[in-house]
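Letters A, B, ... mirror the listed sequences (proteins, then strands); counts begin at 1.
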Amino acid sequence: EPEVTQTPSHQVTQMGQEVILRCVPISNHLYFYWYRQILGQKVEFLVSFYNNEISEKSEIFDDQFSVERPDGSNFTLKIRSTKLEDSAMYFCASSLTFLQGGDYTFGSGTRLTVV
Amino acid sequence: AQKITQTQPGMFVQEKEAVTLDCTYDTSDPSYGLFWYKQPSSGEMIFLIYQGSYDQQNATEGRYSLNFQKARKSANLVISASQLGDSAMYFCAMRVGGGATNKLIFGTGTLLAVQP
């Protein structure tokens, strides 16, 4: 079964450093997303991406965050200068359409720890 | 306001029994979708079941069924014949927005513990 692949699975970084979280969505999917889950809390939407541009972003997604689809397969989330409160699990997701449910697929996440 | 509410922070169930996890939602959009995800301690989000707002029949996937009551805005997950491996956090989510702006809104989750 096709899957969304995220790397790395764990990342520890120093406060103030830049991090890039990588995702390979399902190959024929058209819509891409990043979500965040702070430990013990609910999953929160960060940003959606379609047709090579951001289609929606939440208030969490401030100027420190950026997304990019540098080639036909990768989808990255960059945090420019990490803060302690950026420590969370980051999930990438992709979907073929916005009408169906079963095609909305999450990756296994990257656990980011900022020290 | 668009919102998902899960009122059960934790639930216990005996192995082989059925359990219902509650989820209510609030939206004014006529078109939306409702999801349930399982999150084991390893952290990944595992898709369980989906119900579209226009679907006439309740969704079923193996031991999982979704009790969709549109008028009451509820989308409860029923797990039949619980297994020890069902112990996990369960999240209800709602897909809102159309086209490229669609996104999922999650509830706070229910931690299910299956007892032998």
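Residues A:S94 and A:H29 share a closest heavy-atom pair of OG-ND1, 2.7 Å.
Using a 3.5 Å distance cut-off with no hydrogens or angles, the side chains of B:S74 and B:T24 do not pair a donor with an acceptor. Side-chain N/O atoms of A:Y104 and A:Y31 include no donor and acceptor closer than 3.5 Å. Side-chain contact of B:S31 with B:D29: a donor-acceptor pair under 3.5 Å is absent, judged by distance alone. Between the side chains of B:Y50 and B:D55, no donor-acceptor pair of N or O atoms lies under 3.5 Å.
For chain B, the nearby part of A:S95 is the side chain; its heavy atoms alone come within less than 4.5 Å. Neither the backbone nor the side chain of A:F49 comes within contact range of chain B, judged by heavy atoms closer than 4.5 Å. For a residue to count as touching a neighbouring chain, one of its non-hydrogen atoms must lie under 4.5 Å from one of that chain's; by this rule A:Q41 touches chain B with the backbone only. Of the two parts of B:Q51, neither the backbone nor the side chain holds a non-hydrogen atom closer than 4.5 Å to a non-hydrogen atom of chain A.
Among the candidates B:M89, B:E61, B:Q6, B:Q39, the residue making the largest number of heavy-atom pairs closer than 4.5 Å to chain A is B:Q39. Comparing B:T101, B:T108, B:L104 by heavy-atom pairs within less than 4.5 Å of chain A, the highest count is held by B:L104.
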